[in-house]
Enquirer: 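This is the structure I have questions about; it appears just below.
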Amino acid sequence: MTLDTVLARIDETLPEAVDRLLELLRIPSVSTDPAFAEACASAADWLVDDLCELGFDASVRPTPGHPMVMARAKGPGKHILFYGHYDVQPVDPLNLWNRDPFDPELQDTPKGRVIRGRGASDDKGQLMTFLEACRAWKAVHGTLPGNLTIFLEGEEESGSPSLVPFMEENAEELRADLALICDTGLFADKPAIVTMLRGLAGDEVTITGPSKDLHSGMYGGLAMNPLRLLTKILGGMFDDQGRVTIPGFYDDVRELPDEIRAQWQGLGFDHAGFLGEVGLSLPAGEQDRTPLEMLWSRPTAEINGMWGGYQGAGSKTVIPSQAFAKLTFRLVPGMDPEKVQTLFRDWVRAQVPADCTVSFSPKAGAPASEMAVGDPAFEAARLALSEEWGQPAAFVGCGGSIPIAGHFKTVLGMDAMLIGFGRDDDQIHSPNEKYDLECFHKGIRSWARVLDRIAG
Ligand SMILES: [Zn+2]
């Protein structure tokens, strides 16, 4: 079988693959600090050279910020786009590293061999898993797998300012049948494909009562205190089962398909351990939902901050004129950020008495994304990952947002499959970042298996 030959090739050439990754890691491509702009350009050039050597038609594409790397290899079948980023986080505090972050090496640790260095896991090591899979494929087949575009960004760690304009300008070239994004991790030790990302809505509320701060002896009992009103309103935002009480809040929420719920149950999520890490133990969401549903497939309302009145030293007998709160809502597929904001505002307004006024200042929102798991490529990738890791891979959710996946959908109308091999203890964005050699090796093998099933 040819796949076996490709996998054997990956095993035999692993030392060379590690050497190539170490070379890329030596380039200090910190995107946020202008002092490293040249290094960012060098990393892009290094990747273009490597992609050309692999047989891609590759080039550096300038942007107002750091350049993009684009590479194309035309072939039969589905057009697949692979995304990764070559920029890295700053390294400080430098004294907490056990070696120079840009002088990477293989280290033996009690948990196995690791590749230590800035960017090892986020995201150079991860993006190289895909390139190395292509390399082994080419060596065995003589051609690259299928119909591929590689798209590598150099500003992911600094907010991707050039990304959306670049996507809009180069939409024709970038639009593929499916995007693969390698910038996520395993779930505990299980392979996972992220298929749901929550969205966000936000608002800031100001309630004004009296026209100025008042003396609580002179006015207390007669004058309304806006903090009393705001705490009463927000205190009523949850019932004792953890449900949000804003009318209509759950109307558009889609129920999780049974097969996904079953997969999540199979993940054996240790919610006590997860909460234990932050000094908690009790799931605080809707009590009739599992902890993973609370995190991934159910919407939330959070009071992020509340303030008003006197907060200095000692006490002051004041009835403040105004009370404030900032809120955000995590949204799930089906929910519209503007509608959620309207529901919230209507609900607050209905509770404000005639004497007080309320105003809002909107925050930008984004809908949740849900990938088309009905596309056979998802099931094919799930099977490929399950084979490589010797345990069933799952379609998982992500409580936060991964902006690139949303941009592929909104700008280019493409679904994205998020597959990554990082581990929770990789210390990305922190001192002593590492990528397990096993993750790098099995990551390369995973892509070979995925490409074998979906490319061409
Ligand atoms: Zn990343």
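Whatever order the structure lists ligands and atoms in, that order sets their numbers, starting from 1. In this text, all values refer to a predicted model and were calculated from it rather than measured experimentally.
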Enquirer: Got F130 and Y83 here, is their nearest side-chain heavy-atom distance under 4.5 Å?
Expert: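 No. Closest side-chain heavy atoms not under 4.5 Å.
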Enquirer: Within a reach of under 6.0 Å around CD of E277, are more than 12 heavy atoms found that belong to other residues, nucleotides or ligands?
Expert: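 Open: at most 12 neighbouring heavy atoms sit under 6.0 Å from CD of E277.
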Enquirer: Suppose the cut-off is 2.8 Å; which protein N/O/S atoms would you list for the Zn ion (ligand 1)?
Expert: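 You should have found H85 NE2, D122 OD1, D183 OD1, D183 OD2.
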Enquirer: Only pairs under 3.5 Å count here: list side-chain donor-acceptor contacts from residues 330-341, not counting sequence neighbours, and write none if there are none.
Expert:
from, atom 1, to, atom 2, distance (Å)
D336, OD1, E338, N, 3.3
K339, NZ, D252, OD2, 2.8
Q341, NE2, G202, O, 2.9

Enquirer: Scan for ring pair (Phe, Tyr, Trp, His ring centres under 6.0 Å) pairs involving residues 12-44, sequence neighbours excluded, and state none if there are none.
Expert: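 For residues 12-44: none.
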Enquirer: For T195 and E370, which I'm curious about, is there any donor-acceptor pair between the side chains at under 3.5 Å?
Expert: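 Note: T195 and E370 side chains miss the donor-acceptor criterion.
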Enquirer: Considering residues at least two apart in sequence or located in another chain, which fulfil the ring-ring contact (aromatic ring centres under 6.0 Å, His included) criterion with F274?
Expert: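 Applying ring-ring contact (aromatic ring centres under 6.0 Å, His included) to F274 gives F269.
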